Engineer: 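Sending over a structure as structure tokens; questions will come in a sec.
Quick caveat: nothing in here was measured; it's all calculated off a predicted structure.
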Amino acid sequence: MDSTKAINANKALHDSVSKAYNHIHSEIFNDFEQKRVDDLIKELISLIGNKEIISIMDLGSGTGNLTFKFLKEKCGVTSTDVSKEMLEKIISTCPKNLRHKHKTRSLNGDTLPFPDNSFDISATYSVLHHIPNYLKSVKEMIRVTKTNGLIYIDHEFNENYWNPNAYLTEYYKLTKKTSAELIIAAVEYKRVLEHLKYFLIKIFVDKNYTLEGDLHISKEDHVEWGKIEQIMQENNCEIIIKKPFLMYRPEGGMELYKKYSKETTDTLSLVARKK
């Protein structure tokens, strides 16, 4: 699939899932993960320093996970996404007292529609694996970030995910949703036909097909953090935070998570400062 077709497919898929997105992504919208990101965002703001308004570009904002966190910290946020339905959901759910600090911008390609040095922080969360040329998007994030600003990339699998040790394999097995749970969720969120199509395509057409247009999701083609770090270095950015962690899965509970998070990780969060 070429880049334009992939972007258009992602638009359609994320438009269709916009209403149910928060409910079906329990690995994101749970108290533990939300607190982790809240704490990190507070750290980013402290690194920017004393400014009246800190400007944020949220790349692939979805339903507003990062957008609302930055808005609550009194930042000015521009939410960007290929899905107009996702942007509409952010607009409709944004608290009235924060709307004056919020803008949206629809994306239609891999070039960001902003001048150089536009934002104090360029941020993206669980998005790069959806983007055809994700390395170009990283370069674009750097381009639109001001000197001394921050580039924040979070919630993408690290190399351990693609080469799991025994602990990680066991954790996935213990937290895997049952067939019954998947069927109940499909019925509850009126996605039965979508799930049927998914299974048929996955079995007969493309084993890597996903419900939400994930592109870089195989051992042979995935988001490579080494290449991202190389781009950072080549574009005069210093990596100041690099945190591998195990993605929390609520299905297993906190006790199980604490046990396995001591032994393995599968995800990474990275922050770089543009010099």
Engineer: Give a yes or no on whether the ring-centroid distance for His14 and His130 is below 6.0 angstrom.
Structural biologist: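 Yes; His130 has its ring centre under 6.0 Å from that of His14.
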Engineer: Could you give the distance from CG (Asp214) to OG (Ser126), rounded to the nearest 0.5 Å?
Structural biologist: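 So the CG of Asp214 and the OG of Ser126 are separated by 8.0 Å.
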Engineer: Ignoring hydrogens and angles, tell me if any N or O in the side chain of Asp266 forms a donor-acceptor pair with the backbone of Met247 under 3.5 Å.
Structural biologist: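 Yes, the answer is positive, given that a donor and an acceptor are paired below the 3.5 Å cut-off.
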Engineer: Could you walk me through whether Ser79 and Asp58 satisfy the side chain to side chain donor-acceptor pair (under 3.5 Å) test, starting with their C-alpha distance in whole Å, then the side-chain angles of each, then the deciding distance to 0.1 Å, before giving a yes or no?
Structural biologist: CA-CA 5 Å; Ser79 304; Asp58 183 2; 4.8 Å; no
Engineer: Could you check whether atom OH of Tyr257 has more than 12 heavy atoms from other residues, nucleotides or ligands sitting under 6.0 Å from it?
Structural biologist: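 Counting other residues, nucleotides and ligands, OH of Tyr257 exceeds 12 neighbours.
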Engineer: Would you call the rings of Tyr21 and His25 parallel, tilted or perpendicular, taking 30° and 60° as the class edges?
Structural biologist: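 Because their plane-to-plane angle lies in the 30° to 60° range, the rings of Tyr21 and His25 count as tilted.
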Engineer: As an exercise, state the distance from CG of Asp154 to CG of Leu270, rounded to the nearest 0.5 Å.
Structural biologist: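 That separation rounds to 9.5 Å.
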Engineer: Which heavy atom of Lys74 sits nearest to which heavy atom of Ile53, and what is that distance?
Structural biologist: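 Heavy atoms only, the tightest pair is O-CD1, 3.9 Å.
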Engineer: Looking at Phe157, is its backbone amide N or carbonyl O close enough to the side chain of Trp225 to form a donor-acceptor pair, meaning the two atoms are under 3.5 Å apart?
Structural biologist: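 Looks like yes, one N/O pair under 3.5 Å.
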Engineer: Keeping Arg143 on the side-chain end and Val138 on the backbone end, is there a donor-acceptor pair under 3.5 Å?
Structural biologist: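 Such a contact is absent between Arg143 side chain and Val138 backbone.
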Engineer: Spell out, as yes or no, whether a donor-acceptor pair under 3.5 Å connects the side chain of Asp81 to the backbone of Ser61.
Structural biologist: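 It does hold such a pair.
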Engineer: According to the interplanar angle, ranging from 0 to 90°, do the rings of His155 and Tyr125 count as parallel (below 30°), tilted (30 to 60°) or perpendicular (above 60°)?
Structural biologist: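 Correct class here is parallel.
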Engineer: Report the C-alpha separation of Lys19 and Glu88 in whole Å, then their side-chain angles, then the decisive distance to 0.1 Å, and conclude whether the salt bridge (Lys or Arg N to Asp or Glu O under 4.0 Å) test is met.
Structural biologist: CA-CA 10 Å; Lys19 292 180 181 179; Glu88 285 297 325; over 6 Å; no
Engineer: Got a donor-acceptor contact below 3.5 angstrom from the Thr124 side chain to the Leu59 backbone?
Structural biologist: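 It does hold such a pair.
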Engineer: Answer yes if the side chains of Asn165 and Glu263 hold a donor-acceptor pair under 3.5 Å, and no otherwise.
Structural biologist: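 Note: Asn165 and Glu263 side chains miss the donor-acceptor criterion.
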Engineer: Between CE of Met86 and OG1 of Thr67, what distance do you get to the nearest 0.5 Å?
Structural biologist: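 It comes to 12.0 Å.
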Engineer: Roughly how far, to the nearest 0.5 Å, is CG of Leu128 from NE2 of His222?
Structural biologist: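 One finds 12.5 Å between NE2 of His222 and CG of Leu128.
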Engineer: Which value, rounded to the nearest 0.5 Å, describes the distance between Leu107 atom CG and Ser137 atom OG?
Structural biologist: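 Output value for this atom pair is 9.0 Å.
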Engineer: Are Lys35 and Asp31 close enough, and set up right, to give a salt bridge (Lys or Arg N to Asp or Glu O under 4.0 Å), and what steps lead you there?
Structural biologist: CA-CA 6 Å; Lys35 184 179 186 305; Asp31 291 343; over 6 Å; no
Engineer: Return yes if some donor-acceptor pair links the side-chain N/O of Glu156 with the main-chain N/O of Val223 below 3.5 Å, else return no.
Structural biologist: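 Not confirmed, Glu156 side chain does not pair with Val223 backbone.
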Engineer: If you take all heavy atoms of Thr93 and Phe68, which pair is closest and at what distance?
Structural biologist: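 Minimum heavy-atom contact is OG1-CZ, 3.4 Å.
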Engineer: Measure the spacing between NZ of Lys72 and NZ of Lys42 and express it to the nearest 0.5 Å.
Structural biologist: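 It comes to 9.5 Å.
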Engineer: Is it true that the side chains of Ser26 and Glu251 contain a donor and an acceptor less than 3.5 Å apart?
Structural biologist: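 Yes.
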Engineer: Ignoring hydrogens and angles, tell me if any N or O in the side chain of Ser218 forms a donor-acceptor pair with the backbone of Asp221 under 3.5 Å.
Structural biologist: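 Between the backbone of Asp221 and the side chain of Ser218 there is a qualifying donor-acceptor contact (under 3.5 Å).
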Engineer: With no hydrogens and no angle check, is any side-chain donor or acceptor of Lys274 less than 3.5 Å from a backbone partner on Ile142?
Structural biologist: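 Yes; judged by distance alone, with no hydrogens or angles, the pair exists.
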Engineer: If only atom types and distance count, is the side chain of Asn235 paired as donor or acceptor with the main-chain N or O of Cys237 below 3.5 Å?
Structural biologist: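 Not a single qualifying donor-acceptor pair exists.
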Engineer: May I ask you to establish whether Arg249 and Tyr171 are in a cation-pi arrangement, using a distance under 6.0 Å from NZ or CZ to the six-membered ring centre and at most 45° from the ring axis?
Structural biologist: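 No; the conditions do not both hold, so Arg249 does not lie above the ring face of Tyr171.
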Engineer: Please answer: with hydrophobic residues joined when any side-chain heavy atoms are less than 4.5 Å apart, are Phe29 and Leu246 in the same cluster?
Structural biologist: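 In one cluster: no.
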Engineer: Using modelled atom types only, decide if a donor and an acceptor are shared between the side chain of Arg273 and the backbone of Leu150 within a distance under 3.5 Å.
Structural biologist: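 Here the side-chain-to-backbone pair does not exist.
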Engineer: Run the salt-bridge test on Glu170 and Lys173 with the 4.0 Å N-O cut-off and return the result as yes or no.
Structural biologist: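 A salt bridge is absent here (no side-chain N lies under 4.0 Å from a carboxylate O).
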Engineer: I'd like to know if the side chain of Asn158 pairs up with that of Thr265 as donor and acceptor (distance under 3.5 Å, no hydrogens or angles considered).
Structural biologist: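 Yes, Thr265 and Asn158 have a side-chain donor paired with an acceptor closer than 3.5 Å.
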Engineer: Any luck finding a side-chain donor-acceptor pair between Gln230 and Glu234 under 3.5 Å?
Structural biologist: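 A donor-acceptor contact under 3.5 Å links the two side chains.
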